[in-house]
Every structure is written in C-alpha cells, then in structure tokens.
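One structure is given here, and the rest of the page talks about it.
All heavy atoms count here, side chains included; hydrogens, waters and symmetry mates do not. Order of the sequence lines sets the chain letters (A, B, ...), proteins ahead of strands, with each chain counted from 1.
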Amino acid sequence: MTRHLITSAIPYINGIKHLGNLIGSQLPADLFARYQRARGNEVLFLCATDEHGTPAELAAAKAGKPVDEYCAEMHAVQARIAEGFRLSFDHFGRSSSPQNHALTQHFAGRLQEAGLIKEVSEKQVYSNTDGRFLPDRYIEGTCPNCAYDKARGDQCENCTKQLDPTDLVEPRSAISGSTDLEVRETKHLFLRQSELKDDLNAWIDSKKDWPILTTSIAKKWLHDGDGLRDRGITRDLHWGIPVKNGTKDWPGMEGKVFYVWFDAPIEYIACAGEWAAANGLSDADWESWWRTDKGAHDVQYTQFMGKDNVPFHTLSFPATILGSGEPWKMVDHLKSFNYLNYDGGQFSTSQGRGIFMDQALELLPPDYWRWWLLSHAPESSDSEFTWENFQQSVNKDLADVLGNFVSRVTKFCRSKFDETVPAGGAYGDVENALIADLQKRLGQYQEHMDAIEVRKAAAELRAIWTAGNEYLQTVAPWSTFKEDPEQAAAQIRLALNLVAFYATLSAPFIPDASATLLETMNATDAAWPTDVAASLGQLPVGHAFTVPEVSFAKISDEQREDWQERFAGQRA
RNA sequence: GGCGCGGUAGCUCAGUUGGUUAGAGCGAUCGACUCAUAAUCGAUAGGUCGGGAGUUCAAGUCUCCCCCACGCCA
C-alpha cells in the first residue's frame, strides 16, 4: 500500500472560479485521489482557499463587509460548489487559518536564522485618502506614451508599454480615485532565493519524470537573465499574516504582513494541521504526512496546478522548504495543465467570460462536466471548449455508449427473464475473449491513471464501455433467446456483471452515476477489480437488481443553443 | 523586441529514442441489427503532418530560416 499526499493549487478567495480553473487543478487532483483510494491506497487530499492580499480586501470593501467576514462567506460558497462537483477533499482549508499563521511565521523565523532573509527599503506610492500603500496596478493615470487615460501603474493596456507608477501623468488611486498620493519609504523582507539557486537546480534535475512543460518553465525562471531573483515576502497591508520571527516580534516590521505568495503554499502543510484538528487527530497524525523524520518517508506527494502556478511550486515554495533546513516532505510528482479556452477565446474571471462553476451546476449534473473536462483535459497543449463538442461528446459517450448499454441490458433481462441475474448456459470462446480483452484494457487503464495521463485514461475507459456493446452485438442475446434461452441467460448474466464492473471502474470520473448504478445493481460493496473473470462473477445467479431510470439524459439541440446564447456575453 | 509552448484528417486530439501503406474518438457516407435513451455494431471516405531549405539510406519526429496563434518577460 502506498500513501498518497495530493494537493490541488488553492483557488483565490475572490469570487467563483470558472471551468478552466477547475480542470487546471482541482478536478484532475480529485480524479487521482479517487482512483488511489479505489485501489486501496491511503490518501490525504488537501485543498484550501487563498485568502490574503489586496484583491480580497477590495472585494470585501465592495461587498461592504469586513474582510474576514467576506472571506469566511466566500470560503463557504467555494466549499459548497466544490461539493457540487464532488471534489473529495479530505479537508478544504483556509490560508487564513491559525495553523497557517503559526507555520508561516515559523518558516520566516527559520529562514531568518539561516541568513536567507534581507531587509530592503523601497519607495512605494501611498494614498492618503485610502490610508494605504497602493500596489502598482492599483494606480491609474494618463499614459506618457499614448495618452490613454486609464493606464495602470505597471503597464498601459492601450499601448502595452511597461510603466512605473511614477511615469504616469496625473496619477490617481484606482480604489478611490483620489489624487492625494505621495511616495513613501517603506521597509520589506526579501527571501534570498538566489542563494538557493544551485540547490533548486539540483533538485529539479533529480526529477526525471516531470513533464516538459513543468521543467521548462522552472528552468527558465532559474536561469533567465540574471537568474533567480530575490523576492519580497512582506507587504504593507492589514489583511494577512503578521510578520513575526517564529513566535517573536520582528523589530521594524510592525503592522506589516507576509505577502500571499509566501503564505499560500505553506497552507498546503498547514491544511493538514487543520484536517487533523477538524477530525480530532493529533499533530503526529498530520506530521506523518509532511515530516520525513516523522513517518512521511514513504509518502508519494503529487501536486496539481495550472501552468501559471509552476514557478511558485518549483522554485518559491521549494526555496522556503529547503531554506528552512527542516525535513519537510517535498513534491515528488508535479502535474501541470495548460489552459482551457472558451469558444475561440479565453475563459476570463475579470471579464466574466465563459462558464463559471456555479452556473455549470445549474445546467447539468456534475458528472457531465467532469467527464467532458477530464476527457478533454489540456495536458499537452491548450484545449478548446465549444458547446457543440460538449454536447456531442457527452451525448455519445455517456448517454449512448454507457447509459444505453445499461438500459438495453437491464431492460432485456426484465422482459425475457425477470429482475434477477438469470441462470443457465455457460461462457464460451466469445466470453473468454472478451474477458481477456478487458483484462488487458484494465491494465492499460490503470497504467494511465498511475501516470496521471488523464485523457488517455478517459479514452481507455470509454473503450472498455464500448467493448460491452460490441459483445452484445456479436452474441445478440435477442436472437439467441429464440433458439437457446439458456445461452441467452449466460450472455445477459455476463452483461449484467459488466454494468457493475463499469460502475466501479468509472467511479473516479463520474462518481454520482457510478454510485447510482451500483445501487440499482444492488452491488454497492463492489471492489476494484483485479481479476476480470472473477469480477464478472460478482453478481451471482438469482442476484436481484432494479432497472435504472435513464442514467444520462441527452443534451438537446435546443438546450445547447439556449446555453450557447446565454453564455456568449459577459457574466452579469 | 527576447524567451517559452504549440501549429497533424471537417472538429477535439495521439504520435515513444528519426524507420514499413501517419493514428483515435466525434462528425460524414454506406451497410448490419432491432434488446435499448432514433440507441448499437461494422465498413468506407477524408491529411503533400503551417511554409521553405538542410542533415540522413530514411524526418511529422533532428538543424536553420520564415509565417501564424497563445503565453511569459523587458
């Protein structure tokens, strides 16, 4: 038995995520977690909300709520939606948790002790009206280059010129519109990542099985230009983890907080602490997943994330861990995804373009989205969502190939025999050939799942479903029945067992449908198959079942056109 | 402008270290079947693998140049 620690990139607290975000990390992570559990392995699957930073503060202000209250509410919303998609987190934590406060401060203290922190004085724009320092992109003004009047402090969106806030003509706060701004001197902590460049490089080189996408991004950041740059890990904000040196105050850093990119990945670890606390477990229980000196030596740690998150997971977070000098578990396998595009453009949170998780659940059951997204996961390149493709794939795969198989088998049995597994006849060459074929396909399916080749696994699963239809077509029990009812009984007995077999194998992809099928087949205790022949004898003669309702209703052309139109514009 | 990932059948995508007639699913056409959600099964037709040059006995697969899309950075 292997112990699998699995984390998904933690979504930002501000608003509801779209389907591109979902397939970029949470959903494939869930697929892997469910699969490993089904194989009998021990799994700790963690995710959380990333709650600190200016965007959260501003969103809270816009909603007219204190930021902690806003985050608590949004966390509940995201948790409910995650449940809607059947994301099987062992714990869905919060980066604002007490555990993460303590751990983030602990890491900062260790890094300081190791001489990896330096203090840097910077000049930043302060808004007197807002009573806060403004990040570059929250300063607006007229572009000195093209005279566009809504240029941001980091870049002009109109002419794409990169800017410094001080370049802007008539700069103003993007938050309040105030022009009462001044440049102030402020002190911040920087993590000397550059000191760890060789360690990081060696560590990345030791990862032979990482995808090209992952290593190429990491290497670029490591070696491009002057190489890995030191990064500020503190901010002048109210909402965040107070800067401390372990449990002690940090002289000169009063009133400042750690920057989100520093505390967010640490939440992966803190989340395990939250999980333990929420389940009445001890520190030793969660540390056995994270400390290689306390039991985590045999843990396989897999991270899932979109490609934009790769640098933080290959460089920043490892730098924090390596720099601490403590025996924390580091990632073994890092699975990154490209982007899912929407109807010829990008999904966009800021522009409200595409389909958002809450909206998707209003339209269709989670299995529909899970199946399409996973079977079209953007693994090797960006991929494309179109309503036509979605409708065709879901109707064909789920309704026609799988759903209809269940339907034809159970209904045939009911009409010719009854609602129990019929007796009589025996398996012959055709059946043995099918079993051999399925045994081989099961092996390939598992190989793809073990390697987290999501699309390939989906394709193999679909081929396994198809094999059932091929079998029925070959032996034609409806014809057999006229000449030899006993033989027809044997054929349908096998087919009924296939339904349970399929439900078990499909569970990681489509958990709800799988559970429903197992219930109707009265086989909720079905185990993951190893020997196909044995597994297909699981439902014995006389075993009662019920004929299920339509497992997957098809998406009609009218529905598709309606949705296509509804989601063509921006989210209200 | 620099760098990065891509550009393979109508669509969504596979193509290991260069090697026989370039693959899958969907869609299309034809046929079979009628148990089933007008479902299923089979067969066929579709590609000068973005363009050009080069290396090689042999290139979608390596090298160079160009074009296009996307992303990151200055």
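Taking the P atom of each, B:G6 and B:U16 are spaced 12 Å apart, rounded to whole Å. Rounded to a whole angstrom, the distance from the P atom of B:U63 to that of B:U17 is 13 Å.
Outside the 6.0 Å centre-distance limit, the rings of A:Y259 and A:F190 are not counted as a close aromatic pair. Centroid-to-centroid, the aromatic rings of A:W369 and A:F390 come within less than 6.0 Å.
Between A:D400 and A:K416, it is A:K416 whose nearest contact on RNA chain B lies nearer the 5' terminus. Nucleotides of RNA chain B nearest to A:E453 and A:R462 differ in position, and the one nearer the 5' end is that of A:E453.
In the interface, the side chain of A:N404 is paired with the base of B:A36 through a donor and an acceptor atom under 3.5 Å apart. Side chain A:Q473 to base B:U40: a donor-acceptor pair is found below 3.5 Å.
Side-chain N/O atoms of A:N389 and A:S393 include a donor and acceptor closer than 3.5 Å. Side-chain contact annotation: A:Q303 with A:Y268, donor-acceptor N/O pair under 3.5 Å absent.
Atom-to-atom distance recorded for A:L27:CG and A:L373:CG is 6.0 Å, nearest 0.5 angstrom.
The ring pair (Phe, Tyr, Trp, His ring centres under 6.0 Å) test with A:F385 is passed by exactly one of A:W372, A:W563, A:F567: A:W372.
Base orientation at B:G51 is anti, since its O4'-C1' glycosidic dihedral falls outside 90° of 0.
Geometrically, A:K335 engages A:F337 in a cation-pi contact defined by less than 6.0 Å to the ring centre and at most 45° from the axis.
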Please produce a list of atom pairs where a protein N or O lies less than 3.5 Å from an N or O of nucleotides 67-69 of chain B.
none

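Between A:K411 and B:U37, a side-chain N or O to OP1/OP2 separation shorter than 4.0 Å is present.
In this structure a side-chain-to-backbone donor-acceptor pair under 3.5 Å is present from A:K17 to A:Y12.
In this structure, A:S383 reaches the sugar-phosphate backbone alone: every heavy-atom distance under 4.0 Å involves primed, P, OP1 or OP2 atoms, never a base.
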Under the 3.5 Å Watson-Crick or G-U criterion, the dot-bracket string of RNA chain B, with | for inter-strand pairs
((((.((..((((.....[...)))).(((((.......))))).....(((((..]....))))))).)))).

